[in-house]
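Chain letters run A, B, ... following the sequence lines, proteins first, then strands; residues in each count from 1.
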Number of protein chains: 2
Amino acid sequence: MTAPSIRARVRAELTEEIKSVARRHLATDGANLSLRAVARELGLVSSALYRYFASRDELLTALIVDAYRALGDAAEAADATATDTDLRGRWLAVCHAVRQWALHHPAEYALIYGSPVPGYVAPADTTASAQRVVLTLGGILLDAARTGRLTPPPTSAPPPPVRADLARLIAQYPDAADQGGRAAGSHDALTEEQLARGLAGWSQLFGLVSFEIFGRLEQVVDQRELYFDHQMRLMADLAGLP
Amino acid sequence: MTAPSIRARVRAELTEEIKSVARRHLATDGANLSLRAVARELGLVSSALYRYFASRDELLTALIVDAYRALGDAAEAADATATDTDLRGRWLAVCHAVRQWALHHPAEYALIYGSPVPGYVAPADTTASAQRVVLTLGGILLDAARTGRLTPPPTSAPPPPVRADLARLIAQYPDAADQGGRAAGSHDALTEEQLARGLAGWSQLFGLVSFEIFGRLEQVVDQRELYFDHQMRLMADLAGLP
DNA sequence: GTCCGTCAAGAGCGCTGCTCTCTTTTTTGA
DNA sequence: TCAAAAAAGAGAGCAGCGCTCTTGACGGAC
């Protein structure tokens, strides 16, 4: 089993090559990806691809999984690069990393954050990857709250039913005791108000990136990067990051 | 010319009927709309449709134009229904109208705010309709600014290049002198800070609606309407609406 | 050295958007 | 009023699509 028989290796390589070509086609032709075109470019006949992916949907799923992973990697890497205690810097770094990844991989971004394919249902293994960005943002807020540096401006308070949803999310948050080396007490978690303001930053992040990727800022904003930076700073203000 | 010859009338009716059937197919099958299926349902042969729409793209364009118009109508109607001086109420009414329209027409919403079709370029006559929602929101902010009731919280200031973009947008804003019956002086326009905060509400609105329509809140937020309302209130806070 | 699993190829099915030609029906102009 | 013109629909056909099934050929294990 430790010996990855030659056959298995060349198979894995060709599988990657198929995905690579498919990714390139995706970038030019959009979501209407043609299996036959991919096969042609690889010098294969279309039916041969079915040895590697059971269907077109399965190939797309593989690309979606890879995209979530790449975006999650980029976000977490950006968070890790910034100074731990520079909370606002970490927040902005993650936001800019998401935007940069989207700008460099617009088709893959559209695949995961654009209109979903009607009949398509995301496999279970994608949901974990899909949450990595919001968990990264949440982790920054949590670090801020723990060190008592989350000082949000006075804003409207969420109504009780929303508070219940938010409380559930706070309880569901993966125990981050290992991050700070401290036991997670009740005063270590976010309040509902803090989470609500943080989630505003989450939807703002992807809303604005989608606007830019999908061309909705076309004749509205020219200074895209600076505008994005300013908007993310506004959301950091709202979240209460110093 | 005043007599709309019987033939022209039945043609207009059939054109509408084609769009209606196409809209229904869009709702179930998503963006992969089949001309042949639409023709079949109408008892026509596929080539007959080409008497009414030169191509599948042209049919989709007609649906897009209709969608922008319907969404713009809904937003403006909601704005008009609320009391003029209830600025926050108008803001929230417009936001909820956009959300409700999207919930009732998810496929059409995806058509105009989802991932764009790669080769597709929007015709010029859509851009005006596409701006109606943001102009409605801007009008509310402008009304607030004119009556001196825009009191935003202290937040980061936009850097000079962004200020230039914002100033251009303010200058481009259609002269709204007829709305208040007053001449538009310089003190009647929005400041760059005010516009930047208002635009945050704009991208937040569509970001959050897209999240909901595209299923990204699926196991995150259960109280969708109340959560949306709270988030829009947060953005009204940020914009400075009393 | 044989045998079995894997691989690529080819043919083919039903579907798609779109074009072209032909016939029928309706409108129009002298 | 009647023929010419315009418009509408039907049908055949082209190239492309995803996908299935069958047929040979090759390579590693016994």
*Whole-Å gap separating P (dG18(D)) and CG (Asp29(A))*: 11 Å

*asked:* By the 4.0 Å heavy-atom rule, please label Leu14(A) as base, sugar-phosphate, or nothing.
replied: sugar-phosphate

_d(OH, Tyr50(B); P, dC22(C)) in whole Å_ = 21 Å

*Within this structure, what is the CZ-to-C1' distance between Arg51(B) and dT24(C), rounded to whole angstrom?*
12 Å

_Arg90(A) side chain near Thr136(A) side chain, heavy-atom distance below 4.5 Å_ = no

*When you get a sec, tell me which of dG9(D), dA12(D), dT16(C) is the closest nucleotide to the side chain of Ser47(B)?*
dA12(D)

*Using a cut-off of 4.0 Å on non-hydrogen atoms, how would the nucleic acid contact of Tyr52(B) be classed: base, sugar-phosphate, or nothing?*
sugar-phosphate

*Name the nucleic acid region contacted by Leu49(A), choosing base, sugar-phosphate or nothing; use a 4.0 angstrom heavy-atom cut-off, strictly under.*
nothing

*How close or far is atom P of dA10(D) from atom CG of Leu42(B), stated in whole angstroms?*
11 Å

*Would you kindly give the CG-to-C1' distance between Asn32(A) and dC15(C), to the nearest whole Å?*
16 Å

*Can any side-chain N or O of Tyr68(B) pair as donor or acceptor with the backbone N or O of Arg132(B) at less than 3.5 Å?*
no

*Taking the nucleotide of DNA chain C with the closest heavy atom to each, which residue, Gly43(A) or Arg36(A), is nearer the 5' end?*
Gly43(A)

*asked:* Could you check whether any side-chain N or O of Thr126(A) sits under 3.5 Å from a backbone N or O of Val65(A), counting only pairs where one atom can act as donor and the other as acceptor?
replied: no

*Pick out which of Val38(A), Leu26(A), Leu63(A) makes a side chain to side chain contact (heavy atoms under 4.5 Å, CB included) with Lys19(A).*
Leu63(A)

_Among dC18(C), dG18(D), dC17(D), which nucleotide has an atom closest to any side-chain atom of Ser46(B)?_
dC18(C)

*asked:* Can you see if the side chain of Arg11(A) gets near the phosphate of dG27(D) - specifically, an N or O under 4.0 Å from OP1 or OP2?
replied: no

*Options dA10(D), dT20(D), dT19(C), nucleotide nearest the side-chain atoms of Leu44(B)*: dA10(D)

*Measure from the side chain of Ala48(A), starting at C-beta and using heavy atoms only, and say which of dT16(C), dT19(C), dA8(C) lies closest.*
dA8(C)

*Does the side-chain hydrogen bond (donor to acceptor under 3.5 Å, both in side chains) test come out yes or no for Ser115(B) and Tyr109(A), once each step is laid out?*
CA-CA 9 Å; Ser115(B) 3; Tyr109(A) 179 84; over 6 Å; no

*Starting from P on dG18(D), measure out to CZ on Phe53(A) and report it in whole angstrom.*
14 Å

*Specify the separation, in whole Å, of atom CD of Glu13(B) and atom P of dA8(D).*
14 Å

_It should be established whether Arg40(A) places a side-chain nitrogen or oxygen under 4.0 Å from OP1 or OP2 of nucleotide dG16(D)._
no

*asked:* How many whole angstroms separate atom CD of Glu58(B) from atom P of dG17(C)?
replied: 15 Å

*Among dC18(C), dC19(D), dG11(D), the nucleotide that comes nearest once only the side chain of Arg56(A) is considered*: dC19(D)

_Let me spell it out: for each of Ala54(A) and Ser34(A), pick the nucleotide of DNA chain D with the closest heavy atom. Which residue's pick is nearer the 5' end?_
Ser34(A)

*Search all heavy atoms of Leu49(A) against all heavy atoms of Leu35(A) and return the closest pair with its distance.*
CD1-O, 3.5 Å

*Taking the side chain of Ala37(B) as heavy atoms from C-beta outward, which of dT19(C), dA9(C), dT16(C) is closest to it?*
dT16(C)

